[in-house]
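A quick write-up on the structure given underneath.
In this text, all values refer to a predicted model and were calculated from it rather than measured experimentally.
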Amino acid sequence: MVIKANCSNIGGLLLGLLFALTCQPIYGESVNNVDKSMEAYVTCAVYHRMMAGSFTRVRQMPELAGLESEKMNEHIRLAKVAGRVEFGGAEAVDTEIDTEIDTEVEAVFSESWKYNLNQMENKINRNYENVSRLTYIYKNRCRKLLE
């Protein structure tokens, strides 16, 4: 008995994943020039949300989706810390946060999230099978933010 398996889809996925994990940055930034602003963290949070969505919807890989969700949550946390510093100064991190600053940070965060989500959805033509396009742009930049 001979069993034939169609490995073209699996092979393509594995090749794509291998390429995404090992590719050199196209839009790379130097290590010394990393933008650690609220906007940069929000952009990376949205990127990881898009990756998690792809792993959940298209690739059926819930473990990888969970890892991407963890990265997203860390970027969200760092975005709000950066926002408090940007809107309230350095003392906003060390002391109890003023509710006015928190309200402003939440409003800016929400607007930035919507904007970035729309931009990234446009880049993949609202098709999660095209999410690898985002990897070329954001993967290395976002990794450097967490270093």
Task: 4.5 Å side-chain heavy-atom contact, V46 and Q119 - done: no
TODO: Could you check R141 against Y47 for side chain to side chain contact (heavy atoms under 4.5 Å, CB included), going step by step and ending with a plain yes or no?
DONE: CA-CA 11 Å; R141 182 186 321 173; Y47 162 70; over 6 Å; no
Open item on the list: Just so I know, are the side chains of V42 and V108 near enough to count as touching, which here means a heavy-atom distance under 4.5 Å?
Closed with: no
Task: Listed partners of E70 passing salt bridge (charged side-chain N to carboxylate O under 4.0 Å, His left out), at least two apart - done: none
- [ ] Can you measure from NE2 (H48) to CG (N73) and round to the nearest 0.5 angstrom?
- [x] 11.0 Å
Open item on the list: As an exercise, state the distance from CG of L67 to CE of M51, rounded to the nearest 0.5 Å.
Closed with: 11.5 Å
Open item on the list: Taking V105's backbone N and O only, do any of them form a donor-acceptor pair with R84's side chain (distance below 3.5 Å, no angle check)?
Closed with: no
Open item on the list: Between E86 and M38 (side chain of the first, backbone of the second, donor and acceptor by atom type, cut-off under 3.5 Å), is there such a pair?
Closed with: yes
Open item on the list: More than 12 heavy atoms of other residues, nucleotides or ligands under 6.0 Å from CD of E100: yes or no?
Closed with: no
- [ ] Would you give the length of the straight line joining atom OG1 of T135 to atom CG of N130, rounded to the nearest 0.5 angstrom?
- [x] 11.5 Å
Task: Qualifying side-chain hydrogen bond (donor to acceptor under 3.5 Å, both in side chains) pairs with a residue from residues 108-118, counting only residues at least two apart or across chains - done: E39-S112, E39-N116, T43-N116, S112-N116, N118-R126
Open item on the list: Just to verify, what does E74 make a salt bridge (charged side-chain N to carboxylate O under 4.0 Å, His left out) with, not counting sequence neighbours?
Closed with: R77
TODO: Only counting residues at least two apart or in another chain, list the ones meeting side chain to side chain donor-acceptor pair (under 3.5 Å) with K36.
DONE: none
Task: With K80 via side chain to side chain donor-acceptor pair (under 3.5 Å) - residues at least two apart - done: E106
- [ ] Output the distance between atom CE (M72) and atom CD1 (I76), rounded to the nearest 0.5 Å.
- [x] 4.5 Å
Open item on the list: Please check this pair: side chain of D35 against backbone of S37, looking for a donor-acceptor N/O pair closer than 3.5 Å.
Closed with: yes
TODO: Count the heavy atoms belonging to other residues, nucleotides or ligands that lie under 6.0 Å from CD of E129, then report whether that count exceeds 12.
DONE: no
Open item on the list: Would you say that M50 contacts E121 through its side chain, given a criterion of any heavy-atom pair below 4.5 Å between the two side chains?
Closed with: yes
Task: Pairwise side-chain contact, E147 with V34, heavy-atom cut-off 4.5 Å (strictly under) - done: no
TODO: Go through the structure and list residues passing side-chain contact (heavy atoms from CB on, under 4.5 Å) with C44, not counting sequence neighbours.
DONE: H75, C142, L145
Task: Nearest-0.5 Å distance that lies between atom CZ in R49 and atom CG in L117 - done: 5.0 Å
Open item on the list: Does R133 form a side chain to side chain contact (heavy atoms under 4.5 Å, CB included) with N125? I'd like the steps, not just the answer.
Closed with: CA-CA 10 Å; R133 294 177 187 173; N125 296 321; 3.1 Å; yes
- [ ] Calculate, to the nearest 0.5 Å, the distance between atoms OH and CG belonging to Y128 and L134 respectively.
- [x] 9.0 Å
